[in-house]
Amino acid sequence: MTETLPALSSQYEPSATEAKWQTAWEDNHAFQADASKGGEPYCVVIPPPNVTGSLHMGHAFESALIDTLVRYHRMIGRNTLWLPGTDHASIAVQTILERQLKAEGKTRNDIGREAFLEKAWQWKAESGGTIVNQLRRLGVSVDWSRERFTMDEGLSKAVLEAFVRFYEEGLIYRGNYMVNWCPASQSAVSDLEVENKEVDGNLWHFRYPLTDGSGYVEVATTRPETMLGDTAVAVNPEDDRYKHLIGKTLKLPIMEREIPIIGDELVDPAFGTGCVKVTPAHDPNDFAMGQRHNLPFINILNKDGTLNENGGPFEGLDRFDARKEVIDWLQTEGALVKIEDYKHTVPYSDRGKVPVEPLISTQWFVKIEPIAQKTLAFLDEEQSPHFVPERWGKVYRDWLVNLKDWCISRQLWWGHQIPAWYAISETEGEIRDNTPFVVAKSEAEAWEKAIAQFGQQVKIQQDPDVLDTWFSSGLWPFSTLGWPEQTADLNFYYPTTTLVTGFDIIFFWVARMTLMASHFTGEIPFKDVYIHGLVRDENGKKMSKSADNGINPLILIEKYGTDALRYALIREVAGAGQDIRLEYNRATDESGSVEASRNFANKIWNASRFVMINLNGQTPAQLGAPSRDGLELADRWILEKFNRLVSQTRTSIDSYGLGEAAKGLYEFMWGDFCDWYIELVKLRLRQDDSPSRLAAQQTLAYVLEGTLKLLHPFMPHVTEEIWHTLTQASADEFLALQPYPEAAPVVQTSLDNDDPWNQAEPEEASAAAHSPAAAAVPKTETVLNLLSEPGQFVQFALQYKQVLLIGLGVVAAIIGFNVLDGVVSTLNAVPFVEPTLELFGLYYLGQFIYKNLLWSDRRQAFT
RNA sequence: GGGCGGUUAGCUCAGUUGGUAGAGCGUCUCGUUUACACCGAGAAUGUCGGGGGUUCGAGCCCCUCACCGCCCACCA
């Protein structure tokens, strides 16, 4: 053997290697993008993680997917930018901070806005730092020099620009409408932040007496307390039972208010009693009816969900306590007719985890319809964006079609404060629903506008509310590239290439981005949207904080390595964006699938070690590429297999089949290269200076280096480490920046075009071959298809093949290896025989028997 | 009330345009031959959810049923 064995231990140790390359990549700015270099751009913006603590397994999965795509495209020569960053997550962070304050017995009002925001920024610094470090541990190939945060200076400027432009175009308005009110966070929330839960409730039937004393009407409700705010009872105008009552009045119990009976088509005569109590201030349907019939809107609730002065005797009670009291009261009065069990849906606040109240309040809205039309036009006319898998495009479309206006104001402190300034009058001293205002990009500009509009005496005050988090994330793909400035990055990298994200934020985020972008940039901000599934826990449950079933990616990284975790996640991915389930043992922190991937990394490591031990210290470049003439059957076989692997891998990745590509690489590396090829060439490698040995060495080196490149996007660290030893590359040269292999046959095999067996079927073959599709099928396959038609032929051929194989193996062993070797040499000389595993089985079996059983004395001489 | 996914080996899941049912883990047998025991050689295990249809041939196409899961929706 050689004296210069590469110093590689027999086991791959991930932790040191990973840290080493992560640092080296970053220190050398390996992933820093440069628009001025031109070429074909490939750009991905990270779905910015919320600064709410730390990353979870879903982030690890998503980052692995993106990084694999990004590294691949960088290697195939695209001018690649992966832009990292984080999101301020207005309501989520504020909820956390308020919980902390509550633990100290304080509220946000106790410490004031300024101190609260200081705390928030401090939290952002800590959480953001944690997240960035975690991203590094995942080995992401992002451009850290372009890292952004949704509330940094540039992005805040973009938010102002967007808001002001929307406003000036009449697409943002302030108005008094019914919104979802979360009593826990004491803010409005958008429809999307409401989760409808089915609960076992009741349907209470009440009796309201007619004012003229001629009887009663019976109404049914699931929320009795709202009756305090009733201002009418509605019936269907076609309902023969009740239509004569329309126009009469009722006396509302408890409140003793006189309310009318109105006719409205919305009422379903078949449901309940056919009479509906109308509470315009506390139900979206009733709100609409209230508007149609000019009913009074009586708000009975405070912001915290307790009853206000309109709650009569129940003022001050919590809404659910008030419900009980109202029922008791009506029962005592004899107005409660019956209580039914009733299953219905109740809207819950996503963040606050309490039922939301439909409430009328003054909020800011984005008028969606005109914007959505543009966005829809892109989808319908240009199929943009293109969803993978396609079915999500339908989901996206359906949502865009049915959009209501977007409530963008939140009664919170952490976020982008709304850039509206109110002219406060001396007498009122505070912002009212109808206080006049100006919208401006800065306070100075607001002053100017206010003075021009309201005169010198004006006092102005900025709107205390902040914008919905998704307003700024909606601008993310272009604001991070410099918008509204026409920067070089924006010109070159925008629209971005691919967005990778989960189906759970298609509405929240993907659609908001396409809306914002189609309006402000006139383009859809990404060509493809790759939708991945959720990572579920070992029982198939969605991971969540409340269920406490999260799996910390760092634990698995420490145990098995980043490459192993990435690979385990990606190989589970099927084509269809299905959820994936991660094997995990909570008692031992072990994961079978990650362990299997760790073993694969180790297999790559040891195969590489074997190859390097047998190259006599030469690099693949020094050995030279395998040349056609010296190649033996086994070499040609593995080279052809490798060549096919290259095109399969590229095809799979190009169509987002990352799991498929990962599995193909695994099978080739472990099955073909290690189990077969390496075993086959062991004898040849011991022959001194023979052409046969050289061919084997060249082939080993060539295939190994190529496979490392193919694997690199999936397992960046282990491949980078091995590649440096194999090629003796300098420390600032990276596999990560090498060209990805291209399919380039180095040997002629049966798959070459000039092979007569590979020509398309000429004309009249069989009935089965007459379809247009069949005409393109190579002849070999057609023949196989024909043979299999009766069915039994295949069965027979298979059995025959095995018998043949075993028989020949025995014969080979008996007549001796040299004869067999002669046969193989003959086969080597014939260009159009495709090497098969079966043939190798024969060859290998012969070698094995020869080596171990028969001519042990000759074996001595040989080795 | 609409819509979408899923149901394949003990477990987790692949199965590309219909053409010999696969992988990983687990189980069993053998093996400590100098790349790797985080290994190697080999084995067992499937009425492909049920029923019907099309076809020479269906895990794959069509119909239908069942169960699991998800999304959307203003029925009080």
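Every heavy atom of this structure was used, including side-chain atoms; hydrogens, water molecules and symmetry mates were not.
- In RNA chain B, consecutive stretches of 3 or more Watson-Crick or G-U wobble pairs with both distances under 3.5 Å are given as paired ranges: B:1-7 with B:66-72, B:10-13 with B:22-25, B:27-31 with B:39-43, B:49-53 with B:61-65.
- One P atom belongs to U33(B), the other to C38(B), and the distance between them is 15 Å to the nearest Å.
- For the pair L700(A) CG and A35(B) P, the interatomic distance rounds to 12 Å; values are reported in whole Å.
- Residue R581(A) contributes atom CZ, which lies 11 Å from atom P of A14(B) at whole-angstrom precision.
- For the 3.5 Å distance criterion, the side chains of Q697(A) and N616(A) qualify, holding a donor opposite an acceptor.
- Nearest to the side-chain atoms of K394(A) among the listed nucleotides C4(B), G24(B), A76(B) stands C4(B).
- Rounded to whole Å, atom C1' of G5(B) lies 16 Å from atom NE2 of H532(A).
- At G22(B), none of the side-chain N or O atoms of K663(A) fall inside 4.0 Å of OP1 or OP2 (strictly under the cut-off).
- Both F610(A) and G592(A) lie close to RNA chain B; mapped to their nearest nucleotides by heavy-atom distance, the more 5′-ward contact belongs to G592(A).
- Applying the side chain to side chain donor-acceptor pair (under 3.5 Å) rule to D504(A) yields no partners; only residues at least two apart in sequence or on another chain are considered.
- The same atom, C1', is picked in A21(B) and in G57(B); the two are 15 Å apart, to the nearest Å.
- Atom P of C61(B) sits at a distance of 13 Å from the matching atom of G15(B), rounded to the whole Å.
- V219(A) pairs by the side-chain contact (heavy atoms from CB on, under 4.5 Å) definition with F206(A), Y208(A), V233(A), C275(A), K277(A), not counting sequence neighbours.
- The distance from atom CG of N539(A) to atom C1' of C11(B) is 12 Å, rounded to the nearest whole Å.
- Remark: the separation of the C1' atoms in G46(B) and G59(B) is 11 Å, to the nearest Å.
- Considering only residues two or more places apart in sequence or on other chains, Y584(A) meets the side chain to side chain donor-acceptor pair (under 3.5 Å) condition with D589(A).
- Ring centroid separation for the pair Y530(A) and F387(A) does not come in under the 6.0 Å cut-off.
- The separation of U17(B) from A58(B), taken at their C1' atoms, amounts to 14 Å, rounded to a whole angstrom.
- Along RNA chain B, the nucleotide nearest S608(A) and the nucleotide nearest E583(A) are compared for position; the residue whose nucleotide lies closer to the 5' end is E583(A).
- The same atom, C1', is picked in U27(B) and in G19(B); the two are 33 Å apart, to the nearest Å.
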What are the atom names and distances for every N/O pair under 3.5 Å that joins the protein to nucleotides 67-75 of chain B?
residue, atom, partner, partner atom, Å
C74(B), O2', N285(A), ND2, 2.7
C74(B), N1, N285(A), OD1, 3.4
C74(B), O2, N285(A), OD1, 2.7
C74(B), O2, N285(A), ND2, 3.1
C75(B), O2, D268(A), OD2, 3.4

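- Counting to the nearest Å, the C1' atom of A76(B) and the CD atom of E218(A) are 13 Å from each other.
- As rounded to the nearest Å, U8(B) and C68(B) have C1' atoms that lie 16 Å from one another.
- The side chain to side chain donor-acceptor pair (under 3.5 Å) search around D405(A) returns Y173(A), not counting sequence neighbours.
- Take E265(A) and apply the side-chain contact (heavy atoms from CB on, under 4.5 Å) test, not counting sequence neighbours, and it matches P237(A).
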Atom pairs and distances, donor-acceptor, side-chain atoms in residues 396-404 of chain A, under 3.5 Å, two or more places apart:
residue, atom, partner, partner atom, Å
Y396(A), OH, T514(A), OG1, 2.8
R397(A), NE, D380(A), OD1, 3.0
R397(A), NH2, D380(A), OD2, 2.8
N402(A), ND2, D398(A), O, 3.1
K404(A), NZ, D191(A), OD2, 3.4

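- The interatomic distance linking I580(A) (CD1) with G6(B) (P) rounds to 16 Å, in whole Å.
- Under 3.5 Å, the side chains of T273(A) and E218(A) contain no donor-acceptor pair of N or O atoms.
- Residue contacts for A596(A): at a heavy-atom cut-off of 4.0 Å it reaches the sugar-phosphate backbone alone, with no base atom in range.
- A donor atom on one side chain and an acceptor atom on the other are not found under 3.5 Å apart for W605(A) and Q11(A).
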Result block: side-chain N/O donor-acceptor pairs under 3.5 angstrom for residues 192-201 of chain A, not counting sequence neighbours:
residue, atom, partner, partner atom, Å
E193(A), OE1, S190(A), N, 2.8
E193(A), OE1, S190(A), OG, 3.0
E193(A), OE1, R410(A), NH2, 2.7

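- One C1' atom belongs to C74(B), the other to C63(B), and the distance between them is 36 Å to the nearest Å.
- By the side chain to side chain donor-acceptor pair (under 3.5 Å) test, T707(A) is found to be paired with no residue, residues two or more places apart in sequence or in another chain being considered.
- In this structure, the CG atom of L534(A) is 18 Å from the P atom of U12(B), given to the nearest Å.
- No contact: K541(A) has no heavy atom under 4.0 Å from any strand.
- Straight-line distance from the CD atom of E667(A) to the P atom of G24(B): 8 Å, rounded to whole Å.
- Take F714(A) and apply the ring pair (Phe, Tyr, Trp, His ring centres under 6.0 Å) test, not counting sequence neighbours, and it matches no residue.
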Look for any protein N or O under 3.5 Å of an N or O in nucleotides 37-41 of chain B and output each such pair with its distance, or none.
residue, atom, partner, partner atom, Å
C38(B), O4', N599(A), OD1, 3.0
C38(B), O2', N602(A), ND2, 2.9
C38(B), O2, R598(A), NE, 2.6
C38(B), O2, N599(A), OD1, 3.3
C38(B), N4, Q11(A), OE1, 2.2
C39(B), OP1, N599(A), ND2, 3.2
C39(B), O3', K603(A), NZ, 3.1
G40(B), OP1, K603(A), NZ, 3.0
G40(B), OP1, W670(A), NE1, 2.3

